[in-house]
Amino acid sequence: MSHASEPPSLELLKELQLFRTTVVQFLGWKNFEQVIKGCYVRVLLEMRNDDTRDKYYIACIKSAKKGTPYSGFSADGAKTDWHIVVELPTCFKSTQAGNTVQLNSISNAPFQQSEYDNWVKQAPESNKSHPFPSVSQLQFRLGMLIEQRKQSLAFEPRKRRAGEDPKEAEAREARLLEMREAIRQDILDTHAKLPLVQQFKGKKREELQEIEREVLDLITVIRVIINDRSKCLVCRSRVCTAICYPCKHQVLCGSCARTNPGKCPVPGCDIRVEQVFEPYTAASE
């Protein structure tokens, strides 16, 4: 690996940062160790001779190794026996297994400027002769990471159902791909228009005021849509309070529920309503 005397920029390190959720996505890969090696993580560590709370530090992943299984790194209660080996200066206390951390210690937040400053200052303690990798080496590693992330998000065609006609299977896959692209575009249109919070600080007052007006207008539209979808599907004027059974759709007001028996009014729901009731709340006592 080529090295440099000057540290890489914070922006480049952020591009090479792996969040805990990203590492979890890579856990099932056969070449998991190679996939994460050379990337950087924001890890919670304890400094030597420091009575203050633990701090986050920017650390380079050197390798990964199998160890005692553990959980607690994801909401679904998943377990793994992978432990992450990171490069650390001597100012941090090593764990019983050396410079090895669990996924629980890896942050889902981006690197901070103060953490980057500390990393630049303390990195030479880990490798005095070659404290920093070269920009060209990091750029190469970044290209690999981008490709690996694309692979992790790649769509895997579903297996053809037993006895399904090949043309029907192809048409079904085409519809799924179309829906997937529509959802992706909807997410981009909804969320990617607003700049990152960090970018607000560099904008002029007039630009911030214009963004504020757009956000307020968007909130107003969303409130109108929410209010409209909370109204009865029959009379379109009163709030939905009744639940249709057995489909359990709450789409009718109390009055229409009593006077309009039959099928559930939800489009596509042809289940006949056997009973209508209003959910119990403390306020109804």
Side-chain angles (χ1 to χ4, degrees), residues 1-27 32-65 67 72-74 80 82-149 152 196-199 201:
M1 178 184 290
S2 57
H3 296 81
S5 58
E6 294 297 324
S9 65
L10 173 59
E11 288 69 26
L12 181 54
L13 284 188
K14 284 184 176 181
E15 291 186 90
L16 279 166
Q17 180 183 4
L18 291 182
F19 296 126
R20 180 174 66 251
T21 51
T22 307
V23 179
V24 172
Q25 288 179 348
F26 289 144
L27 280 176
F32 171 72
E33 182 179 356
Q34 295 300 319
V35 169
I36 66 173
K37 183 178 180 181
C39 293
Y40 289 79
V41 288
R42 182 174 183 257
V43 61
L44 188 64
L45 297 168
E46 182 182 359
M47 295 188 69
R48 296 181 182 275
N49 302 321
D50 191 348
D51 295 331
T52 61
R53 61 182 178 85
D54 297 347
K55 298 178 181 179
Y56 281 101
Y57 180 75
I58 299 175
C60 179
I61 298 177
K62 306 306 293 182
S63 63
K65 62 182 181 180
F73 53 86
S74 63
T80 184
W82 279 112
H83 296 251
I84 313 302
V85 181
V86 295
E87 185 177 62
L88 294 176
T90 56
C91 60
F92 287 96
K93 294 180 179 179
S94 298
T95 63
Q96 294 180 353
N99 292 345
T100 306
V101 297
Q102 297 182 353
L103 296 181
N104 317 54
S105 301
I106 298 176
S107 172
N108 273 326
F111 298 143
Q112 304 297 315
Q113 181 65 50
S114 59
E115 296 163 356
Y116 171 76
D117 294 338
N118 287 335
W119 176 77
V120 171
K121 179 181 178 181
Q122 297 166 349
E125 296 183 22
S126 304
N127 191 335
K128 295 182 179 180
S129 58
H130 304 293
F132 306 112
S134 67
V135 173
S136 60
Q137 177 68 26
L138 292 178
Q139 290 287 2
F140 177 77
R141 184 63 187 88
L142 177 60
M144 294 174 57
L145 178 60
I146 292 174
E147 182 61 30
Q148 289 159 350
R149 282 172 170 164
S152 69
L196 297 175
V197 175
Q198 292 87 339
Q199 296 177 354
K201 297 180 180 180

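Residue numbers count from 1 along this sequence. Just so it is clear, the structure is predicted and the values come from calculations on it, not from any experiment. Computation of the quantities below employed the complete heavy-atom set of this structure, encompassing side-chain atoms and omitting hydrogens, waters and symmetry-equivalent molecules.
In terms of heavy atoms, S105 sits closest to Y56 at O-CE2, 4.2 Å. The minimum heavy-atom distance between L142 and E15, with the atom names listed, is CD1-O, 3.5 Å. Closest heavy-atom contact between A64 and F32: CB-CE2, 4.0 Å. Across V86 and A59, no two heavy atoms sit closer than the pair CB-CB, 3.9 Å. Scanning all heavy atoms of the two residues, the minimum distance from N104 to R20 falls at O-NH1, 4.3 Å.
Taking CG of L12 as the reference point, atom CG of L138 lies at 5.0 Å (rounded to 0.5 Å). Here NZ of K62 is found 14.0 Å from CD1 of I84. Values are rounded to the nearest 0.5 Å.
Without hydrogens or angle criteria, Q17 side chain to A109 main chain gives a donor-acceptor distance under 3.5 Å. Remark: side-chain polar atoms of Q112 are paired, donor with acceptor, to backbone N or O of P110 under 3.5 angstrom. Looking only at distances, no side-chain donor or acceptor of R42 sits under 3.5 Å from a matching main-chain atom of F111. One N or O on the side chain of N108 and one on the backbone of T21 form a donor-acceptor pair closer than 3.5 Å. In this structure a side-chain-to-backbone donor-acceptor pair under 3.5 Å is missing from N99 to E87. A donor-acceptor contact shorter than 3.5 Å links the side chain of R141 to the backbone of K37.
Side-chain contact between L44 and S107 is absent, with no heavy atoms from C-beta onward closer than 4.5 Å. V101 is not listed as a side-chain neighbour of V41, based on a closest heavy-atom distance of 4.5 Å or more. For the pair W82/V23, no side-chain contact is recorded, criterion being any heavy-atom separation below 4.5 Å from C-beta on. Counting only heavy atoms from C-beta outward, the side chains of L27 and F73 approach each other to under 4.5 Å. L18 has its side chain out of reach of I106: every pair of non-hydrogen atoms, C-beta onward, lies at least 4.5 Å apart.
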Checklist entry - Given the rule in the side-chain contact (heavy atoms from CB on, under 4.5 Å) test, do W119 and L13 qualify, once you have shown the distances and angles that lead to the verdict? => result CA-CA 11 Å; W119 176 77; L13 284 188; 3.6 Å; yes
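Within 6.0 Å of the CZ atom in F140, the count of heavy atoms belonging to other residues, nucleotides or ligands does not exceed 12.
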